[in-house]
Number of protein chains: 4
Amino acid sequence: MQAKAKTFTESARRAQIVAAAIETIAELGYTRASFARIAKQAKLSSTGLISYHFANKEELVRTVLEDVFREIGAFMAERMSEPASASEALRTYLEANLEFAAAQPTRMRALLNIFLGGALDYDPANERAALEPVERILRWGQESGEFREFDVHVMATTIRRSVEGPVFLLAGTPEPDLTAYAAELVTLFDLATRRQ
Amino acid sequence: MQAKAKTFTESARRAQIVAAAIETIAELGYTRASFARIAKQAKLSSTGLISYHFANKEELVRTVLEDVFREIGAFMAERMSEPASASEALRTYLEANLEFAAAQPTRMRALLNIFLGGALDYDPANERAALEPVERILRWGQESGEFREFDVHVMATTIRRSVEGPVFLLAGTPEPDLTAYAAELVTLFDLATRRQ
Amino acid sequence: MQAKAKTFTESARRAQIVAAAIETIAELGYTRASFARIAKQAKLSSTGLISYHFANKEELVRTVLEDVFREIGAFMAERMSEPASASEALRTYLEANLEFAAAQPTRMRALLNIFLGGALDYDPANERAALEPVERILRWGQESGEFREFDVHVMATTIRRSVEGPVFLLAGTPEPDLTAYAAELVTLFDLATRRQ
Amino acid sequence: MQAKAKTFTESARRAQIVAAAIETIAELGYTRASFARIAKQAKLSSTGLISYHFANKEELVRTVLEDVFREIGAFMAERMSEPASASEALRTYLEANLEFAAAQPTRMRALLNIFLGGALDYDPANERAALEPVERILRWGQESGEFREFDVHVMATTIRRSVEGPVFLLAGTPEPDLTAYAAELVTLFDLATRRQ
DNA sequence: TATGAATGAGCCTTCATTCAT
DNA sequence: GATGAATGAAGGCTCATTCAT
């Protein structure tokens, strides 16, 4: 009944399973990431153990998402602390996103594979959650006069998708220059947002 | 090269199956669009009938893609004929894409679900094919002096993804204002690309 | 209703289908010789045509057997005409069988694949029919005093199977020396049968 | 090389499935021995259970073969220990083969149905393995002077097929006299092989 | 006669999940 | 907590056969 308190062992097992799920989903895509394959990746002896720790596949996937989002959140929080201006915040947002993709390509691929692989019935809440920090920056810039008038939702959607773009590059190219990519995006959206 | 001539009946059946597949893939995603569900959608008596008309699932999906691409191609060709300048071409490209998404939301969703849903092992060639028309416009603009210097690939990727953005909105919202959305994108990328 | 009289066209079609079936069964084995593959081999446009000419697969297979048996029978009849003695008849029987296998390897393989491939519920009548000519020779030899006393059925079975032995060699080896093989068998069964 | 250690339960299940497969293959032939029928014979709830214990049908069949070969090997090893001469070895070989067929007719039929039923793409290695013990006896006899000169391969093939001959009889006849059959074969091949 | 189309049963396999131990 | 075992639904696909034209 009690929903929260987990023993240490249980937490460790769940973490191990989640890590294996991320690895597997990143490598094979969501569809092919069956319990059998995740268990093998985690060197678990039975898929039953996954079912034991997670009510069903959906809960496992949800946990994977939470885990990845928490990491991204922590990473972003560190970079984004106390920006002096909205345009600086936007620049940092773009750079930090691509840095994270470069640093954690597996997590990033898993994330995309989940969203793209039909894992979840499309849930607008997820998109709203991802968009919200960007929209906050954009509104800040418009209020401060740094940014021109534009539809915040459209701009935020475009920005969000722009940073997802290079993730797939990471599979093929060994060392794609994400720093340069980030610089291009920074310029692009600086021009697109700033008051003329 | 030349495919065997199809009889009228066969063409009709194939078209019916393809239509049902589009509907089903758009609604459920690629993974859950099983032959059984497609057959039910098409009111067929047996999944065997799908196998009778298509060698395997891959061929069916490929046919779906061809069908959608042909429609998009025809639609775009009509809009894009004889643009006077690169910036006009870019504007038209953005507008036409969103118009098509508004006119054929189901086809558009199916398309994305196939590409994003792990239906195909990720093939850079597909992405290159989608990017190529955009990159041509961008290079034209740079050569003509209309556009500033920027990395064509990054800009093209960002543009391409920006027009995919609103597709999923179409499921929830009955009449999203894609005209306004297009106008925002046009301004956004005009500012981002033009020589200052 | 009328069981026998076939039109010319029908006979030709049936012959064409039977020939294709032999080819296909010889190449792929009975199990994989589906109507679809036989139709392709015969360049027929529809498997329905096979069903039109043959009540079911069993009838087709039975017809194949009759066809092959008729050929073997004709071939053997020519060789075996008027043997001077039982031992000469036996020698000729062995030689003629291997000659036929060398001359018609496809028919021979098809024959074996049918018997071995579970095509027919095992029917002792087939075996009896194959054994009967051999047993006749053997009884002749015993009655004439050329052959010693032995169990005719055992000897006939052994002889029959001995000539089936080399058929599979024909697949792998381009030019197996069936003449030498026949000579060995002739000596073998001469020693095994003759009065000491 | 070393297969993963099986638990007792798993071994028992596998044995049960193998037994059911033997029964089914012997009765219906390889082709008609589907997982569904084997499962029914074994009173299993689902064909999935067979797939759970065996990677695929090929592995099941391979296991059946190993099982039958192990039994035959043990049976033969006992009979064939320390023959005094090649001709005694040959006699024992013939007798032991027919005894085994009499004692284990189901296993024997299954074996033949697998080899003859197109279960395996025809593999000369299998035939060589079956022939090898016979050829060893024959070479021994030729070297010791007991046997006349003859082509060892032809003789071995004929002997091998001669002992397979009566296996199918076992289905129809309740108590075929395989002892008498063996005696006939012993005489036959004694005459055929011995130095005159 | 011949054709293309359709049918529905059956094939092997994979899957998430459950359960006794 | 963890394991191996079992379940039954569902997957894509092939098959022999039937039928309207």
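Model, not experiment: these values are computed from the prediction.
At E:dT1, none of the side-chain N or O atoms of C:R13 fall inside 4.0 Å of OP1 or OP2 (strictly under the cut-off). Taking only side-chain nitrogens and oxygens, B:T7 comes nearer than 4.0 Å to OP1 or OP2 of E:dA5. Between D:S46 and F:dA9 there is no side-chain N or O to OP1 or OP2 distance below 4.0 Å. OP1 or OP2 of F:dT14 has not a single side-chain nitrogen or oxygen of C:S34 nearer than 4.0 Å. For B:S45 and E:dA6, the shortest distance from a side-chain N or O to OP1 or OP2 is not below 4.0 Å. Taking side-chain N and O atoms only, D:H53 has no distance below 4.0 Å to OP1 or OP2 of F:dG4. Under 4.0 angstrom from either OP1 or OP2 of E:dT14 there lies no side-chain N or O belonging to D:S51.
In this structure F:dT21 sits in a base pair with E:dA2, meeting the Watson-Crick or G-U test at under 3.5 Å.
Using a cut-off of 4.0 Å between Lys/Arg side-chain N and Asp/Glu carboxylate O, C:E59 and C:R14 are scored as salt-bridged. Under a 4.0 Å N-O distance rule, the pair B:E66/B:R70 does not qualify as a salt bridge.
Rounding to whole angstrom units, CD1 of residue B:I38 and P of F:dC13 are separated by 11 Å. Summarising the geometry, the separation between OH on D:Y30 and C1' on E:dC11 is reported as 12 Å, rounded to the nearest angstrom. Taking atom CZ on D:F35 and atom P on E:dC11, their separation rounds to 11 Å, with Å as the unit. Remark: P of F:dG4 and NZ of D:K6 are 12 Å apart, rounded to the nearest angstrom. One atom, CG of B:N56, and another, C1' of E:dC11, lie 17 Å apart when rounded to the nearest Å. In this entry the distance linking CD of D:E10 with C1' of E:dT21 reads 17 Å, nearest Å. In this structure, the CZ atom of B:R14 is 15 Å from the P atom of E:dG4, given to the nearest Å. Protein atom CG of B:L44 is 14 Å distant from nucleotide atom P of E:dA5, rounded to whole Å.
Heavy-atom distances to DNA chain E give each of C:L49 and D:A33 a nearest nucleotide, and the one nearer the 5′ end belongs to C:L49. Both B:F8 and D:K57 sit near DNA chain E, but only B:F8 has its closest nucleotide nearer the 5' end.
Once rounded to the nearest 0.5 Å, the distance linking CZ of B:F115 with OH of B:Y30 reads 12.5 Å. Taken to the nearest 0.5 Å, the CD1 atom of B:I114 stands 12.0 Å off from the CZ atom of B:R62.
In terms of polar N and O atoms assigned as donor or acceptor, the side chain of C:T47 never comes within less than 3.5 Å of the base of F:dC15 in a complementary pairing. Remark: the D:Y52 side chain and the F:dA5 base include a donor-acceptor N/O pair separated by less than 3.5 Å.
No donor-acceptor pair closer than 3.5 Å links the side chain of B:R37 to the backbone N or O of B:A33.
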